[in-house]
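Before any comments, here is the structure.
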2 protein chains.
Amino acid sequence: MKDLVSRCPIEEVMQVLGGRWPTLLIYYLKDGTKRFSDLRRDNPTVSHRILTLELRKLEQAGIVERTVFDGYPLRVEYDLTPAGHTLMPLVDALGDWWEAHDAARPAAQTKTAAEAAAVS
Amino acid sequence: MKDLVSRCPIEEVMQVLGGRWPTLLIYYLKDGTKRFSDLRRDNPTVSHRILTLELRKLEQAGIVERTVFDGYPLRVEYDLTPAGHTLMPLVDALGDWWEAHDAARPAAQTKTAAEAAAVS
DNA sequence: TGTAAATTACGCACATTTTTGTCACCACGC
DNA sequence: GCGTGGTGACAAAAATGTGCGTAATTTACA
């Protein structure tokens, strides 16, 4: 997903939210301020490099806010921005949609011409 | 995004909708039935292999329906399933959110401790 | 009192894994 | 030979992970 192929805003959101981590990080941040190491502990399967990269991406997108405190043991806090908070219900809705249709998910088999004809 | 890391439904939707093509394909299919070659023409930047792969993924997810017509010039049609149609507004909402916040997107700079303090 | 070690939040170089693309090929009928 | 809707082998590109180094300060331990 190096660059965009359309000017569609949806493609742009997906560029930020697509992938495994962004939505998960947003989820953890929903509960309130988290430090870098908190997020690492919440999700040990993400490498620190990717975590920083993803957080920067979300920061650039205006979804999370990064605050640096100088001082002895370096300290950086992450929070959802107001925009990030308005995004939450939309993402939740997607999750709910999935759950609803996952429960009702049937064979999902390709129809043959015969079956298609039988319907009409 | 080989496998899941949580049981979160959001991660699962993202596994299907994440990436560049799924949402675009859904967009084209929104207008009605499309054949494989229609979709190729709509979007020449996707390779045919990826197109088939993505379509299969969407089919498996119950978002698109594939119908094969036997006969002389091979013919396969793709449509959104009812579930796929209910998904559209959710995806649109994300796009709208992006546009709204893209317009209002400010510096998005990391705050320093001093700035953070100045706020309170 | 001295010193080694840990913590925190990274950045960098490199290695590996995953995804995506290329190209050739298939059968079918015209 | 063309177009249709694929599949499979392989290659390129992109994403992700690994391990080391950094700074300042605190703690552990003899």
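These numbers come from a predicted model, not from an experiment. Order of the sequence lines sets the chain letters (A, B, ...), proteins ahead of strands, with each chain counted from 1. Only heavy atoms go into these numbers, but all of them, side chains included; no hydrogens, no water, no symmetry mates.
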Round to the nearest Å and state the distance from B:Leu39 atom CG to D:dT4 atom C1'. 14 Å
Distance check: side-chain N/O of A:Ser37 vs OP1/OP2 of C:dA9, anything under 4.0 Å? yes
Interatomic spacing from CH2 in B:Trp21 to CG in B:Asn43 - rounded to 0.5 Å: 5.0 Å
Can you check the B:His48 NE2 to C:dC25 P distance for me, whole Å? 13 Å
Hey, could you give me each pair passing salt bridge (Lys or Arg N to Asp or Glu O under 4.0 Å) that has a residue in residues 46-56 of chain B? Not counting sequence neighbours. B:Glu54-B:Lys57
Spacing between A:Arg49 atom CZ and C:dC14 atom P, to the nearest angstrom: 13 Å
To the nearest 0.5 Å, tell me how far A:Leu94 CG sits from B:Met14 CE. 6.0 Å
Round to the nearest Å and state the distance from A:Asp70 atom CG to D:dT22 atom P. 21 Å
Rounded to the nearest Å, what distance is computed from the CD atom of residue A:Gln15 to the P atom of nucleotide D:dA14? 12 Å
Reckon B:Arg75 has a side-chain N or O less than 4.0 Å from the OP1 or OP2 of D:dG5? no
Below the 4.0 Å mark, does D:dG6 have OP1 or OP2 next to a side-chain nitrogen or oxygen of B:Tyr78? yes
Select base, sugar-phosphate, or nothing to describe what A:Thr52 touches, counting heavy atoms under 4.0 Å on all strands. sugar-phosphate
A:Thr33 OG1 to A:Glu65 CD distance, which is reported to the nearest 0.5 Å: 9.0 Å
Can you tell me if the side-chain N/O atoms of B:Arg20 get under 4.0 Å from OP1 or OP2 in C:dT19? no
Applying salt bridge (Lys or Arg N to Asp or Glu O under 4.0 Å) as the test, list every pair that has at least one member in residues 26-37 of chain A; sequence neighbours left out. A:Lys34-A:Asp42
Given axes from five pairs at either end, by how many degrees does the helix from C:dT1-D:dA30 to C:dC30-D:dG1 bend, rounded to 10°? 40°
Can you tell me how far C1' of D:dA15 sits from NZ of A:Lys57, to the nearest Å? 10 Å
Please confirm whether the shortest side-chain N or O distance from B:Arg40 to OP1 or OP2 of D:dG6 is below 4.0 Å. no
Return the value, rounded to whole Å, for the distance between atom CD1 of B:Ile50 and atom C1' of C:dG21. 7 Å
A:Glu77 near the nucleic acid: base, sugar-phosphate alone, or nothing, with a heavy-atom cut-off under 4.0 Å? nothing
